[in-house]
There are 2 protein chains.
Amino acid sequence: MTAAIALDVGTFAALGEPNRLRMVELLRGGPRAVGEMAEALGIRQPQVSKHLKVLGEAGLVSVEAVARRRIYRLEPAPFAAMAHWVDSFEALWSQRLDAMGDVLASLDDA
Amino acid sequence: MTAAIALDVGTFAALGEPNRLRMVELLRGGPRAVGEMAEALGIRQPQVSKHLKVLGEAGLVSVEAVARRRIYRLEPAPFAAMAHWVDSFEALWSQRLDAMGDVLASLDDA
DNA sequence: GTCAAATATTCCTTGAGGAGAATATGTGCC
DNA sequence: GGCACATATTCTCCTCAAGGAATATTTGAC
């Protein structure tokens, strides 16, 4: 029995800041060094480091030192936890999607 | 082709507050009036109303007036958007889960 | 060891947001 | 119309977090 990974509020709090969400979207394309992210996002390096610290404390990213650069990558666990959590809300929209299906069908007919 | 519902940072920001997350978890069990939520969570009514306002502005809840009470319920759309978004990260952990599968298998053996 | 590149940390200022208390608004009841 | 219940709004205080600028730290190159 896989103990469901607990979802932390901190995950949402960390992602609830625009620049941090952008950073996560960027890291979605693969690991990056701090400087690359700063340039790609048009944010000053210190801010990037600070946001990475927050993301790290939330467990969303991990670091690997390569030469004098630090490569950050997304950490799967919190995302898996989020997926599990939000999927448990599926009952919320599944019934409504039935009704919405009719609407979409009628649109397809047009 | 279903136009993917855009995920808003505000969704995370709204859920990134402990009491608001608790309120969402509570509403997960069905629609509730303000007073019920206040009592169930041990939060004063004005705070509940304020948090509901934030949740409403983020599109996470909707209201229905019944007599002199206001029934709040979860709104499916943002949760569906979150589910879609977080699922797009699946590639992140799917490979690692292969490796993790071996670990889990070895644990099962023990 | 010295210098330069890459990143982290500190200090400061400012603004946003949450809690508490009081009050306003709305709505049904008689 | 007046009253009581349910909810929303306002105000104040306070804490925290984000951005900017400067600086410290680490590490590689020579």
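Everything quoted here is computed from the prediction, not taken from an experiment. Every chain is numbered from 1 and lettered A, B, ... according to where its sequence line falls, protein lines coming before strand lines.
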Below 3.5 Å, does any donor atom in the side chain of [X] face an acceptor in the base of [N], or the other way round?
| X | N | result |
| --- | --- | --- |
| A:K50 | D:dG20 | yes |
| A:Q47 | D:dG20 | yes |
| B:Q45 | D:dA8 | yes |

For [N], take OP1 and OP2 only and decide whether either is under 4.0 Å from a side-chain N or O of [X].
| X | N | value |
| --- | --- | --- |
| A:R44 | D:dG20 | yes |
| B:R69 | D:dT7 | no |
| B:Y72 | D:dA6 | no |
| B:R68 | D:dT7 | no |
| A:R20 | D:dA18 | yes |

Describe the nucleic acid contact of A:A65 in one word from base, sugar-phosphate, nothing, applying a heavy-atom distance below 4.0 Å. nothing
[N] [atom2] sits how many Å from [X] [atom1], rounded?
| X | N | atom1 | atom2 | answer |
| --- | --- | --- | --- | --- |
| A:F12 | D:dA17 | CZ | C1' | 20 Å |
| A:N19 | D:dA18 | CG | C1' | 9 Å |
| A:E17 | D:dA17 | CD | P | 12 Å |
| A:I71 | D:dT26 | CD1 | P | 19 Å |
| B:I43 | D:dT7 | CD1 | C1' | 15 Å |
| A:R32 | C:dA6 | CZ | P | 17 Å |
| B:L52 | D:dT9 | CG | P | 11 Å |
| A:R22 | D:dG19 | CZ | C1' | 14 Å |

Only one of B:L27, B:V54, B:L74, B:T11 forms a side chain to side chain contact (heavy atoms under 4.5 Å, CB included) with B:L60, so which one is it? B:T11
Say you draw a straight line from CG of A:L52 to CE of A:M37; how long is it, rounded to the nearest 0.5 Å? 5.0 Å
What's the closest nucleotide to the side chain of A:P46 if the choices are D:dA22, D:dA8, D:dA18? D:dA22
Report the nucleotide, chosen from C:dA19, D:dA8, D:dA18, that has the shortest atom-to-atom distance to any side-chain atom of A:H51. D:dA18
Residue whose nearest DNA chain D nucleotide is more 5′ - A:V66 or A:V54: A:V54
So does B:R32 get a backbone contact from the side chain of B:R69, meaning a donor-acceptor N/O pair under 3.5 Å? no
Between A:R22 (side chain only) and A:E17 (backbone N and O only), is there a donor and an acceptor less than 3.5 Å apart? no
Would B:E64 and B:R73 pass as an ion pair if we require N to O under 4.0 Å? yes
